[in-house]
Amino acid sequence: MLSKKTKYAIKALVALGKNIEKPPMQISKIAEEEHIPKKFLEQILLDLRNAGFLYSKKGAGGGYSLNKKPEEILLVHVMRVTDGPIAMVPCASLNFYHKCDECVDEKTCGIRSAFIDVRDATLKVLTETSIADVIGREDTLKVGIENL
């Protein structure tokens with residue numbers, strides 16, 4: 001399941017992506033528009049800034065803006081910054097591998113094999129989906145609703 005931290009991070013990046021041509025957005029505005037608790041959002045934005053996704057400006061006219069184009073920010077990178085591993089079991093993780101304590105033989109473990117397939121399918125979608133794609137999906141869905 002997608003954690004609230006990751007979901008809020010994506011929502012904040014989408015909000016900033018939609019406002020890319022505008023001045024930096026203040027945390028309070030993002031929190032209000034996206035219905036994200038402000039204190040939680042502060043920590044998320046700090047993590048995203050430290051990962052290089054965001055630029056922050058202090059003082060009057062300050063706030064956050066994207067440090068990269070929305071097309072360059074992939075969901076897989078956001079998830080790894082906010083939650084760590086993509087794999088559902090540690091022995092199937094590419095970047096955060098850890099042998100399962102109860103596993104007798106990884107080479108013949110059916111659970112590991114199945115979850116490597118799940119990981120690979122998930123990674124395919126996440127590495128092919130950017131913040132720009134999420135914005136585009138929202139726009140398409142809104143047009144579809146308006147045409148009903």
Side-chain angles (χ1 to χ4, degrees), residues 1-22 24-27 29-57 63-147:
M1 185 180 300
L2 192 64
S3 72
K4 284 208 183 245
K5 183 176 184 180
T6 299
K7 188 174 184 179
Y8 290 162
I10 294 168
K11 287 177 68 136
L13 289 166
V14 166
L16 292 166
K18 288 178 180 178
N19 290 288
I20 198 158
E21 300 297 327
K22 297 179 182 174
M25 290 181 74
Q26 293 182 341
I27 292 175
K29 183 173 181 176
I30 299 169
E32 181 182 329
E33 288 181 3
E34 299 301 323
H35 306 285
I36 302 171
K38 186 179 174 195
K39 284 288 184 192
F40 195 21
L41 181 60
E42 288 173 354
Q43 181 58 53
I44 292 167
L45 294 178
L46 184 61
D47 290 345
L48 293 173
R49 187 196 67 170
N50 290 340
F53 296 122
L54 300 178
Y55 169 79
S56 63
K57 180 181 176 188
Y64 281 89
S65 56
L66 293 183
N67 199 31
K68 297 181 176 192
K69 296 176 185 174
E71 297 82 8
E72 297 172 343
I73 302 173
L74 302 177
L75 294 185
V76 68
H77 298 137
V78 177
M79 288 185 71
R80 283 189 173 135
V81 165
T82 55
D83 279 341
I86 303 298
M88 297 174 78
V89 290
C91 62
S93 181
L94 292 172
N95 296 330
F96 300 90
Y97 171 84
H98 178 47
K99 186 179 184 323
C100 295
D101 295 333
E102 64 281 350
C103 189
V104 177
D105 183 8
E106 282 185 349
K107 294 177 189 134
T108 60
C109 180
I111 295 169
R112 181 175 189 262
S113 177
F115 281 92
I116 285 174
D117 290 346
V118 171
R119 177 207 67 202
D120 290 346
T122 302
L123 280 173
K124 180 175 179 0
V125 173
L126 295 175
T127 57
E128 294 174 356
T129 307
S130 69
I131 293 301
D133 295 323
V134 175
I135 293 168
R137 286 175 182 238
E138 285 185 5
D139 292 343
T140 300
L141 291 168
K142 286 177 185 174
V143 169
I145 290 173
E146 291 169 0
N147 290 334

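Nothing fancy with the numbering, it's 1 onward along the sequence.
In summary, K29 and E32 do not engage in a salt bridge, as defined by a charged side-chain N under 4.0 Å from a carboxylate O. E138 and K18 are joined by a salt bridge, as a carboxylate oxygen and a charged side-chain nitrogen come within less than 4.0 angstrom of each other.
In terms of heavy-atom proximity, K38 sits nearest to A31 at CA-CB, 4.0 Å. Pairing each heavy atom of P24 with each of G63, the nearest pair is CB-C, 3.6 Å. Heavy-atom minimum distance, L41 versus A12: CD1-CB, 3.9 Å. Shortest non-hydrogen contact noted between V81 and F53 is CG2-CE1, 3.7 Å. In this structure, K68 and G52 approach most closely via the heavy-atom pair CE-O, 3.7 Å. Between H98 and D101, the closest heavy-atom pair is NE2-OD1, 4.4 Å.
Sparse packing is recorded around NZ of K7, with 12 or fewer heavy atoms of other residues, nucleotides or ligands lying under 6.0 Å away. Heavy-atom contacts from other residues, nucleotides or ligands closer than 6.0 Å to CG of L126 number more than 12. Atom CD of Q26 is surrounded by 12 or fewer heavy atoms from other residues, nucleotides or ligands within 6.0 Å.
Each of T82, D47, D83 was compared with K5 under the side chain to side chain donor-acceptor pair (under 3.5 Å) criterion, and only D47 meets it.
In this structure, T6 contributes its side chain and L2 its backbone to no donor-acceptor pair below 3.5 Å. Of the possible polar contacts, none joining the R49 side chain to the L54 backbone as a donor-acceptor pair under 3.5 Å is found. Side-chain atoms of K11 do not come within 3.5 Å of backbone N or O of A15 as any donor-acceptor pair. The closest donor-acceptor contact from the side chain of S113 to the backbone of C109 lies at 3.5 Å or more, if one exists at all. Looking at D139, its side chain never comes within 3.5 Å of a backbone N or O of G136 through a donor-acceptor pair.
Within the 4.5 Å cutoff, side-chain heavy atoms of E106 are placed close to those of K99. Within the 4.5 Å cutoff, side-chain heavy atoms of E33 are placed close to those of M25. By the 4.5 Å heavy-atom criterion applied to side chains, P37 and K39 are not counted as neighbours. Using a 4.5 Å heavy-atom cutoff, the side chains of C91 and R112 are in contact. In this structure, T129 and L74 have side chains that are not in contact, with every pair of non-hydrogen atoms separated by 4.5 Å or more. Side-chain contact between P90 and P85 is absent, with no heavy-atom pair separated by less than 4.5 Å. A 4.5 Å side-chain heavy-atom check between L75 and V134 finds at least one atom pair inside the cut-off.
Within the model, atoms NZ of K57 and OG of S65 stand 9.0 Å from one another, a figure rounded to the nearest 0.5 Å. In this structure, H77 NE2 and I131 CD1 are separated by 12.0 Å, a value rounded to the nearest 0.5 Å. In this structure, I86 CD1 and M79 CE are separated by 4.5 Å, a value rounded to the nearest 0.5 Å. Distance CD1/I27 to CD1/I36: 11.0 Å, rounded to 0.5 Å. The CZ atom of F115 sits 10.0 Å away from the OG1 atom of T122 when rounded to the nearest 0.5 Å. Rounding to the nearest 0.5 Å gives a distance of 10.5 Å between CD1 of I44 and CD1 of I10.
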Evaluation steps, side-chain contact (heavy atoms from CB on, under 4.5 Å), between L123 and L94: CA-CA 10 Å; L123 280 173; L94 292 172; 3.5 Å; yes
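Ring to ring, Y64 and Y55 are not that close: their centroids are 6.0 angstrom or more apart.
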